[in-house]
There are 2 protein chains.
Amino acid sequence: MAEGKASVKDVARVAGVSVATVSRVLNDSATVSAESRARVLAAVERLGYRRNAVARSLRTAATGTIGLVIGDILNPFFTELARAVEDEARAAGYAVVIGNADERPDRQDDYVRTLLERRVDGLLLCPTAEVTPLVRDTVASGTPVVFLDRTLPGLDVPTVRADGADAIDELVGHLLRLGRRRLAFVSGPAILSTGRERTDAFAAALARRGQPVRPEYLEAGDFQAASGRAALARLLDLPEPPDAVVAGDNLMALGALDEIRARGLSIPGDVALASYDDVPWFPHLDPPLTAIAQPVQELGRSAVRALTDRVEGREVEQVTLRARLVVRGSCGEPMTRRHPDARDTGHGDGTNDEGSVTA
Amino acid sequence: MAEGKASVKDVARVAGVSVATVSRVLNDSATVSAESRARVLAAVERLGYRRNAVARSLRTAATGTIGLVIGDILNPFFTELARAVEDEARAAGYAVVIGNADERPDRQDDYVRTLLERRVDGLLLCPTAEVTPLVRDTVASGTPVVFLDRTLPGLDVPTVRADGADAIDELVGHLLRLGRRRLAFVSGPAILSTGRERTDAFAAALARRGQPVRPEYLEAGDFQAASGRAALARLLDLPEPPDAVVAGDNLMALGALDEIRARGLSIPGDVALASYDDVPWFPHLDPPLTAIAQPVQELGRSAVRALTDRVEGREVEQVTLRARLVVRGSCGEPMTRRHPDARDTGHGDGTNDEGSVTA
DNA sequence: TCCTGCCGTGTAAACGATTACACCACTCCT
DNA sequence: AGGAGTGGTGTAATCGTTTACACGGCAGGA
């Protein structure tokens, strides 16, 4: 109704009670007579009073806020993750402050720093490719931190992540079955679990099937599109270029697509392409991209649960979920339906289903 | 180094000075002897002191934070916008708290409420399709608010947006030139400027060229994929279905794609498709999607500048930028290069260029 | 009647910073 | 020598809440 600068003191005066009573009504913390309650509520309404969360946080030493630092806000994987985190946090009564590290340790640190200064109750971190002193100190200092999607070596932090080893194994089998023999992998930074482990799983899958693992087919990028493109350029310039490439995330797959198209090569004719991460438009690409889908919704929700558990003093353990393979046409699988009359039911983690967002 | 619970008082004690001096060093606000400064800095280091932004904000009545409420975090348009806002805000010394309204007025209000409680210095709002009392009260109460991307009728709020009338006109000309005569438009909610104005521009462009505007070809959605799909279903079920469809945003275009594919129709053979908003993967679709690109980076940056100007007491005026048409193959344009050996230079607002993200 | 307990309420002390004001010790000028 | 200015510092008030503690009144049991 009125100006927005009223404080408890004003409310108390208008309602003819003390500030303590106002506070008690606002938090319904103790017994207050119906009479007082009504008068306070009326005064609040009349003054357009809005509680000052800053002062409240100062006094209670809790902000009701968790920080989420994601790797790259332009990466739909993180975007979807942020959405899931937000939903679950809101349900648990927390607000989320999102920070975008842009895959750069310095920006990550910037965000961690301001989030800590703002006294978030806990921190959800998708760590960038480096163990910075700040991150080390932060986890050491007892601030509730949970790693999401990725881990860093040498730090004892609860982590929520998806294991794609089985899916990668399946994908390798798929490619070999389709006659591909020169399989390449473009991984993320080796220090990140999501970089190292995916490469390892890939190599293990080849080995398990008695296939050689050629070091020149193991490329590394930084999870950004440009690095995917560069990696593809190096691979395609090899004397014996690969006939199948698996990209370590969806952005590098996009970069790979760029390079393959730019060279006038066809997919899957000249080279098969598959991607880690499944995103809504993959089914609409030419050809539809075979991908490994992570349970993004569950990842986000579990992470929030783990963090709030830590914040509220409960014990938490590591959470590992499973990713799974979604076969489409980009590896040479015969396309059974050129113009499908039913929806491709590739996704399946509960929400997004091919570009149709939110139920 | 040590525990993270030190306060200015502790620092003062260790440094052998008063809290005032500590504060002065921390804000380098007044002259402090080199001697004292050094001792304070040493104490800060030794105690691992981290300034409490909550207390600071309470005292200074400023949080150094701006709130950004976007329509839908799963929509890449908003994601890119958020990125731009964040960059500019960070450069201006502000942190950004992102809220995701999910295109729902109640969630928008939820976020506006908590952001105001947390005393953000200003609010960047992409309003949802309804003028809620809270939004009305907020702008009336003098809180610095700037609308971004969209306006609401009846509210006098500085707005930063892109005008697509010229681009739509150009697109209509493009379609007519390619022989399309039954043009349909799937708009967003009529109450939003981004809904209404795009429809109007579309109708005006047709009228200007002496083409009839058929009301049954003017569909409305809610900027989400599902509504685009539903709209397409209605359009394609008409006795005389359109031979070209323009979607009012990228998600509805995705939904349109879904429906067209599900019916076994081909693009552009059976129906041409174009979209408002350009996103990194459009060039990789089958066929590459013709789209109207908004100057997203500039939009975000201008909005932050407008808001910080308001926050810091300067006058601000409306900002209107221009969108532009990016022709690809989805309307029947002969594809000059099936396998381009140069990059499609569709985008051009400075940063993203096809899928390659960040320079 | 007096004591005990409970209910509803108010007073005042925190929380951790910033900052107005006062103060001291100089130096420099007249 | 005395006054004015200045540079460096400390004391204490303040921001808007929450909450420990105290207190008055009233009911019920002995």
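Lettering of chains follows the sequences in order, A, B, ..., and the numbering in each one begins at 1.
Side-chain atoms of Asp149(A) and Phe78(A), non-hydrogen and from C-beta on, do get closer than 4.5 Å to each other.
Between the CZ atom of Arg13(A) and the P atom of dG16(D) there is a distance of 12 Å, given to the nearest Å. Atom-to-atom, CG of Asp28(A) to P of dT18(D) comes out at 11 Å; the value is rounded to the nearest Å.
For the pair Thr194(B) (side chain) and Arg150(B) (backbone), a donor-acceptor distance under 3.5 Å is absent. Side chain of Asp137(A) to backbone of Leu134(A): no donor-acceptor contact under 3.5 angstrom is found.
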> Could you run down nucleotides 9-25 of chain C 5' to 3' and tag each one B, S or - for protein heavy-atom contact under 4.0 Å?
Replying inline: BBBBBBBBBBB------

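Ionic pairing of Asp110(B) and Arg104(B) is not present here: no N-O contact between side-chain nitrogen and carboxylate oxygen is shorter than 4.0 angstrom. Taking a cutoff of 4.0 Å between a charged side-chain nitrogen and a carboxylate oxygen, Asp10(A) and Lys5(A) do not qualify as a salt bridge.
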